[in-house]
**Student:** 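Quick one: structure below, then a few questions.
Excluded from the calculations below are hydrogen atoms, water molecules and symmetry mates; all remaining heavy atoms, backbone and side chain alike, are included.
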Amino acid sequence: MVKDLFERIQNNKGPLGKWASQAEGYFVFPKLEGELGPRMQFGGKNILNWSINDYLGLANHPEVRQADIDAAAEFGAAYPMGARMMSGHTKYHEQLENELAAFVMKESAYLLNFGYQGMVSTIDALVTKNDIIVYDVDSHACIIDGVRLHMGKRFTYKHNDLESMEKNLQRATKMATETGGGILFITEGVFGMRGQQGKLKEIVALKQKYNFRLLVDDAHGFGTLGKTGAGAGEEQGVQDGIDVYFSTFAKSMANIGAFIAADKDIIDYLKYNLRSQMFAKALPMIQTIGSLKRLELLRNHPELKDKLWENVNALQNGLRSRNFNIGDTNTCVTPVYLEGSVPEAMVMVNDLRENYGIFLSIVIYPVIPKGIILLRMIPTTSHTLSDIDETLVAFEAIREKLENGTYKEIASRTKVDLDA
């Protein structure tokens, strides 16, 4: 007997979906209101927001807002209509690609409608069933899903672990020799959860010993790292060693879209084989022209990045001086690790939002091990030192409540049907 396809869906909502009745609208899919920025409205209250990825504060920059308005007025939201390959694009698409390629010091670039789908499709286009993929076990979901499409062998290495990298490159080399294929090595420029840079310098050095090509997802590094803001490769002095460079517009560019950059022959191949772009509508003019303005500001106003790092250093140094564990982050991403159960974490988030007016991302089991609570903050250029001081005071208060059992006692009196 054939089962109803929806029976499984109705009986098992998934690891997150099963908590929707308790969590939706507050802990997940929260409803934020008001102008985008460090201060927003949540649940009728003014909150200090550490959970937006507008690193350089460009979302509300007057020149950016005007560029978006002008593009919308001239072209509307639909232009150009249809898939870019068949229905056409504009000189602005080509201009943006040329400027992005120059900025990240690559020969050529290609626009992508979305970062997530773009990375999935890039991985799919770069390899055949005979090729081997080697990638970091802590890779972003877009990389994981891209690798899932691969019909050949793939190996994961321990996070940022050089010994594990080399061990798996040896396995991949042996396998590729048998299949007649090549090796694609994938890492992130910045790991968005823990804030560590990928070990690009060391990985590039391994090319002297192993024959592989390197794909780097630099979503959090673009605009924030390197002398010019060209990302983690520039920061580590190995941009030339990155064969395919990827970044999204959703972080430093405060927009929708993404791009890949590489040698011209590689980009020419991807243009004709990247299924997520070949069969998708072209990036609209609002995003295209708007990104040109954002890139211009990113290029010509280094003080934006300087202010960002002033805030990052103030926040991270303030946390360290108060003996908070922020791991080994060496980027803007600021994690704070605390010890506690899932119910305690839920009570803590509620306390932060309702009584301290602070909104941030919280990560708990099963994403991280049981007994650990990760509070992730994204400092931006738009935050102030006063915002940081307010947050540090709040963090000292919630840590005390966590350690003295206040949150545990509240959780015991509250119906929280989550695994501890």
Side-chain angles (χ1 to χ4, degrees), residues 119-120 122-221 225 231-247 260 262 266 327-331 333 335 337 363 365-370 372 374:
M119 176 54 77
V120 169
T122 296
I123 295 171
D124 178 54
L126 285 173
V127 293
T128 71
K129 63 182 178 62
N130 293 324
D131 299 319
I132 317 300
I133 295 176
V134 179
Y135 65 107
D136 194 295
V137 71
D138 279 2
S139 292
H140 187 270
C142 66
I143 296 173
I144 301 298
D145 285 353
V147 171
R148 283 176 175 171
L149 292 178
H150 181 44
M151 298 175 66
K153 295 290 184 179
R154 63 276 189 121
F155 300 115
T156 58
Y157 60 84
K158 296 176 183 178
H159 175 59
N160 258 356
D161 186 298
L162 293 174
E163 182 179 347
S164 182
M165 288 179 199
E166 189 154 12
K167 178 181 178 181
N168 282 284
L169 278 170
Q170 291 168 357
R171 298 171 68 193
T173 298
K174 180 180 179 182
M175 184 69 67
T177 302
E178 296 171 358
T179 64
I183 301 171
L184 178 65
F185 192 107
I186 309 173
T187 186
E188 296 187 52
V190 174
F191 288 87
M193 195 69 69
R194 305 188 193 189
Q196 306 128 319
Q197 292 181 49
K199 295 191 175 181
L200 304 184
K201 186 174 182 179
E202 293 84 352
I203 293 168
V204 169
L206 287 171
K207 283 185 165 187
Q208 299 174 13
K209 189 173 181 180
Y210 303 95
N211 186 18
F212 64 88
R213 293 293 186 172
L214 175 60
L215 167 62
V216 173
D217 176 349
D218 202 26
H220 288 272
L225 294 175
E234 182 186 37
E235 176 79 12
Q236 299 182 37
V238 292
Q239 190 76 348
D240 287 348
I242 298 173
D243 296 295
V244 182
Y245 180 92
F246 164 92
S247 185
I260 45 176
I266 303 304
D328 56 355
T329 178
N330 55 359
T331 68
V333 178
Y337 300 93
V363 185
Y365 177 82
V367 179
I368 57 176
K370 282 188 176 183
I372 300 296
L374 191 161

**Student:** Do Met165 and Tyr210 have side-chain heavy atoms sitting under 4.5 Å apart?
**Tutor:** no
**Student:** Are Gln239 and Tyr245 linked by a side-chain donor-acceptor pair shorter than 3.5 Å?
**Tutor:** no
**Student:** Supply the atom-to-atom distance Glu188 CD to Asn160 CG, rounded to the nearest 0.5 angstrom.
**Tutor:** 9.5 Å
**Student:** With distance as the sole test, does Asp136 use its side chain to make a donor-acceptor pair with the main-chain N or O of Ile186 at under 3.5 Å?
**Tutor:** no
**Student:** Looking at side-chain heavy atoms only, is the closest gap between Leu162 and Lys199 below 4.5 Å?
**Tutor:** yes
**Student:** Sub-3.5 Å donor-acceptor pair from the side chain of Asp217 to the main-chain atoms of Ala219, do we have one?
**Tutor:** yes
**Student:** If you round to the nearest 0.5 Å, how far is CD of Glu235 from OG1 of Thr331?
**Tutor:** 10.0 Å
**Student:** Would a 4.5 Å heavy-atom cut-off, applied to side chains only, mark Arg194 and Asp138 as touching?
**Tutor:** yes
**Student:** So how far is it from Leu184 CG to Leu214 CG, rounded to the nearest 0.5 Å?
**Tutor:** 8.0 Å
**Student:** So which of Ile123, Asp243, Thr187 actually passes side-chain contact (heavy atoms from CB on, under 4.5 Å) with Leu215?
**Tutor:** Ile123
**Student:** Taking all non-hydrogen atoms of both residues, which atom of Leu225 and which atom of Glu234 are closest, and how far apart?
**Tutor:** O-OE1, 4.0 Å
**Student:** Starting at CD of Gln197, measure out to CD of Gln236 and round the result to the nearest 0.5 Å.
**Tutor:** 5.0 Å
**Student:** List in chain and number order the residues that pass ring-ring contact (aromatic ring centres under 6.0 Å, His included) with Phe212, two or more places apart in sequence or in another chain; answer none if no residue qualifies.
**Tutor:** Phe185
**Student:** Are any non-hydrogen side-chain atoms of Ile144 and Tyr135 less than 4.5 angstrom apart?
**Tutor:** yes
**Student:** Using a 6.0 Å cut-off, check whether atom NZ of Lys201 has over 12 heavy atoms from anything other than its own residue.
**Tutor:** no
**Student:** Heavy atoms only: give me the nearest Ala176-Gly182 pair and the separation to one decimal.
**Tutor:** CB-O, 4.3 Å
**Student:** Just wondering, more than 12 heavy atoms not from Asn330 lying within 6.0 Å of its CG?
**Tutor:** yes
**Student:** Are Ile133 and Val127 packed together at the side-chain level, in the sense that at least one heavy-atom pair is separated by less than 4.5 angstrom?
**Tutor:** yes
**Student:** Give the intermediate values and the outcome of side chain to side chain donor-acceptor pair (under 3.5 Å) for residues Asp131 and Thr128.
**Tutor:** CA-CA 5 Å; Asp131 299 319; Thr128 71; 3.2 Å; yes
**Student:** Is the closest side-chain heavy-atom distance between Asn168 and Thr156 below 4.5 Å?
**Tutor:** no
**Student:** When rounded to the nearest 0.5 angstrom, what is the spacing between CG in Leu169 and OG in Ser164?
**Tutor:** 9.5 Å
**Student:** Quick check: does any side chain N or O of Ser139 sit under 3.5 Å from a backbone N or O of Ile143, one acting as donor and the other as acceptor?
**Tutor:** no
**Student:** Thinking salt bridges, do Arg148 and Asp124 make one under a 4.0 Å N-O criterion?
**Tutor:** no
**Student:** Restricting to pairs with a member in residues 162-179, which pass salt bridge (charged side-chain N to carboxylate O under 4.0 Å, His left out), not counting sequence neighbours?
**Tutor:** Glu166-Lys209
**Student:** To the nearest 0.5 Å, how far apart are NZ in Lys129 and NE2 in His150?
**Tutor:** 10.5 Å
**Student:** Return the minimal non-hydrogen interatomic distance between Val134 and Ala172, and the atom names on each side.
**Tutor:** CG2-CB, 3.6 Å
**Student:** Check whether the ring centres of Phe191 and His159 lie less than 6.0 Å apart, and answer yes or no.
**Tutor:** yes
**Student:** With side chain to side chain contact (heavy atoms under 4.5 Å, CB included) as the criterion, how do Asn211 and Ile183 come out once you've worked through the C-alpha distance, each side chain's angles and the decisive distance to 0.1 Å?
**Tutor:** CA-CA 7 Å; Asn211 186 18; Ile183 301 171; over 6 Å; no
**Student:** Could you please spell out the steps behind the side chain to side chain contact (heavy atoms under 4.5 Å, CB included) verdict for Tyr157 and Val137?
**Tutor:** CA-CA 6 Å; Tyr157 60 84; Val137 71; over 6 Å; no
**Student:** Please find the pair of heavy atoms, one from Met193 and one from Pro335, that lie closest to each other, and give the distance.
**Tutor:** O-CB, 3.8 Å
